[in-house]
Peer 1: 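Structure provided below as structure tokens; questions to follow.
This structure is a prediction, so every number in the text was calculated from the model and none was measured. Index from 1, following the sequence.
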Amino acid sequence: RSGAKLIAPLGCLVSRQKHTLPDLPYDYGALEPHINAEIMQLHHSKHHATYVNNLNVAEEKYKEALAKGDVTAQVSLQPALKFNGGGHINHTIFWTNLSPNGGGEPKGELMEAIKRDFGSFSNFKEKLTALSVGVQGSGWGWLGYNKEQGRLQIAACANQDPLQGTTGLIPLLGIDVWEHAYYLQYKNVRPDYLKAIWNVINWENVSSRYAACKK
């Protein structure tokens, strides 16, 4: 499922299909040497899978609480829904934001928007990298679209907080800076991981997201 389709089911709990782990659009080793196969396999098949499983459990409990009219239980389940729902949404976007044929710079309307809102691509890249390096603990660095203002913005989110659900920005490009995204290869040197990930950014995907959210 695309990231755009993941948000609505969280509010439609009466009759729904369970969330499932999306397939990667490339092999686990396809992003080497920038992100190695072991990281990708663990990240996708273990970490993302756990968010999916826990989201399904939390939604089932929430459905029961709704049926019983148990508001206390509904409130107590919100953190689990936010964390696991966000983890599912974020990673589903993240996998498509990466490509073995990625890297370089975007083209067309996205590039023009980046120049307009950040001055230059290099300035944008520097700002998003610095923001992502500076995330305390675990979280994400994002490029998002502010629909009200009609401009691009960067933002950091803690833990698995989903960008749109917590800031209102429409997610275009997410950079996962949880240690499980890079530690096996880059140890505790997050800046090295962030330098490498630009070589596999799928600008076609980011551009498609930008075009879709402007409609």
Peer 1: Classify the ring geometry between His48 and His44 as parallel (under 30°), tilted (30 to 60°) or perpendicular (over 60°).
Peer 2: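 His48 and His44: perpendicular rings.
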Peer 1: Do you know the tightest heavy-atom contact between Gly144 and Leu169?
Peer 2: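 Heavy-atom minimum between the residues: CA-CB, 4.3 Å.
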Peer 1: Give me the atom names and distance for the closest heavy-atom approach of Leu81 to Ala58.
Peer 2: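 That closest heavy-atom pairing would be CD2-CB, 3.9 Å.
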Peer 1: Between Phe121 and Trp203, is the gap from one ring center to the other below 6.0 Å?
Peer 2: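 Yes: the rings meet the under 6.0 Å criterion.
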Peer 1: Extract all donor-acceptor atom pairs below 3.5 Å that involve side chains of residues 173-190 and protein atoms in other chains or at least two apart in sequence.
Peer 2:
from	atom 1	to	atom 2	distance (Å)
Asp176	OD1	Trp178	N	2.9
Asp176	OD2	His43	NE2	2.9
Asp176	OD2	His91	NE2	3.2
Trp178	NE1	Asn159	O	2.9
His180	ND1	His47	ND1	3.4
His180	NE2	His43	NE2	3.3
Tyr182	OH	Arg190	NE	3.2
Gln185	OE1	Asn36	N	2.8
Gln185	NE2	Pro33	O	2.7
Tyr186	OH	His34	O	2.6
Lys187	NZ	Leu184	O	3.3
Arg190	NH1	Ser132	O	3.0
Arg190	NH1	Val133	O	3.1
Arg190	NH1	Val135	O	2.7
Arg190	NH2	Gly137	O	2.8
Arg190	NH2	Val177	O	3.3

Peer 1: Among all residues two or more places apart in sequence or in another chain, which pass the side-chain contact (heavy atoms from CB on, under 4.5 Å) test with Lys195?
Peer 2: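 Counting only residues at least two positions away or on another chain, Lys195 forms no side-chain contact (heavy atoms from CB on, under 4.5 Å).
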Peer 1: Working to the nearest 0.5 angstrom, can you tell me the gap between Tyr62 OH and Leu66 CG?
Peer 2: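 Nearest 0.5 Å value for the OH-CG distance: 5.0 Å.
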Peer 1: Counting distance only, does the side-chain N/O of Thr129 pair as donor-acceptor with the main-chain N or O of Glu126 below 3.5 Å?
Peer 2: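 No; judged by distance alone, with no hydrogens or angles, the pair does not exist.
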Peer 1: Kindly write out the residues that satisfy side chain to side chain donor-acceptor pair (under 3.5 Å) with Ser122, not counting sequence neighbours, or none if the list is empty.
Peer 2: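 With neighbours one apart ignored, the set is Ser120.
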Peer 1: Can you confirm whether the side chains of Asn97 and Asn202 place a donor and an acceptor under 3.5 Å from each other?
Peer 2: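 Distance-only check fails for Asn97 and Asn202.
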Peer 1: Under the salt bridge (charged side-chain N to carboxylate O under 4.0 Å, His left out) rule, collect the residues that match up with Asp161, sequence neighbours excluded.
Peer 2: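 Listed in chain order: Lys82.
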Peer 1: What's the shortest heavy-atom distance between Pro171 and Leu163, and which atoms?
Peer 2: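 Scanning both residues, the minimum pair turns out to be CA-CD2, 3.6 Å.
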Peer 1: With heavy-atom distances below 4.5 Å as the criterion, would you say the side chains of Phe124 and Leu128 are in contact?
Peer 2: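 A side-chain contact exists here, since the closest heavy-atom pair is under 4.5 Å.
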Peer 1: Working to the nearest 0.5 Å, report the span between CD1 of Ile154 and NZ of Lys125.
Peer 2: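 Rounded to the nearest 0.5 Å, the CD1-NZ separation comes to 14.5 Å.
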Peer 1: More than 12 heavy atoms of other residues, nucleotides or ligands under 6.0 Å from CD of Gln74: yes or no?
Peer 2: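 For Gln74, atom CD is crowded (more than 12 foreign heavy atoms under 6.0 Å).
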Peer 1: Looking at NE2 of His88 and OG1 of Thr20, how far apart are the two atoms once the value is rounded to the nearest 0.5 Å?
Peer 2: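 Between atom NE2 of His88 and atom OG1 of Thr20 there are 6.5 Å.
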Peer 1: Should Trp140 and Phe94 be marked as a ring pair (Phe, Tyr, Trp, His ring centres under 6.0 Å) after you check the CA-CA gap, both sets of side-chain angles, and the distance that decides it?
Peer 2: CA-CA 10 Å; Trp140 292 72; Phe94 183 60; 5.5 Å; yes
Peer 1: According to side-chain hydrogen bond (donor to acceptor under 3.5 Å, both in side chains), does anything in residues 141-154 pair up with another residue at least two apart or in another chain? List the pairs.
Peer 2: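 For residues 141-154: Asn146-Gln153, Gln149-Arg151.
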Peer 1: If only atom types and distance count, is the side chain of Ser76 paired as donor or acceptor with the main-chain N or O of Ala73 below 3.5 Å?
Peer 2: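 Yes, because the side chain of Ser76 sits within donor-acceptor range (under 3.5 Å) of the backbone of Ala73.
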Peer 1: Can you name the closest pair of heavy atoms from Thr167 and Cys157 and give their distance?
Peer 2: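 In terms of heavy atoms, the two residues are closest at CG2-SG, 4.4 Å.
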Peer 1: Which heavy-atom pair separates Tyr26 from Pro100 by the least distance, and what is that distance?
Peer 2: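 Closest heavy-atom pair between Tyr26 and Pro100: CD2-CD, 3.9 Å.
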Peer 1: Under 3.5 Å, is there a donor-acceptor pair between the side chain of Asn54 and the main chain of Asn84?
Peer 2: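 Checked: no pair found.
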Peer 1: Taking Asn199 for the side chain and Ala196 for the main chain, is one N or O donor matched with an acceptor at less than 3.5 Å?
Peer 2: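 Looks like yes, one N/O pair under 3.5 Å.
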Peer 1: Between Glu60 and Lys63, is a salt bridge (charged side-chain N to carboxylate O under 4.0 Å, His left out) present by the stated rule, with each step listed?
Peer 2: CA-CA 5 Å; Glu60 195 62 37; Lys63 184 173 75 171; 3.5 Å; yes
Peer 1: Sequence neighbours excluded and cut-off under 3.5 Å, please list the side-chain donor-acceptor pairs for residues 101-119, or say none.
Peer 2:
from	atom 1	to	atom 2	distance (Å)
Arg116	NH2	Gly150	O	3.3
Asp117	OD2	Leu152	N	2.8

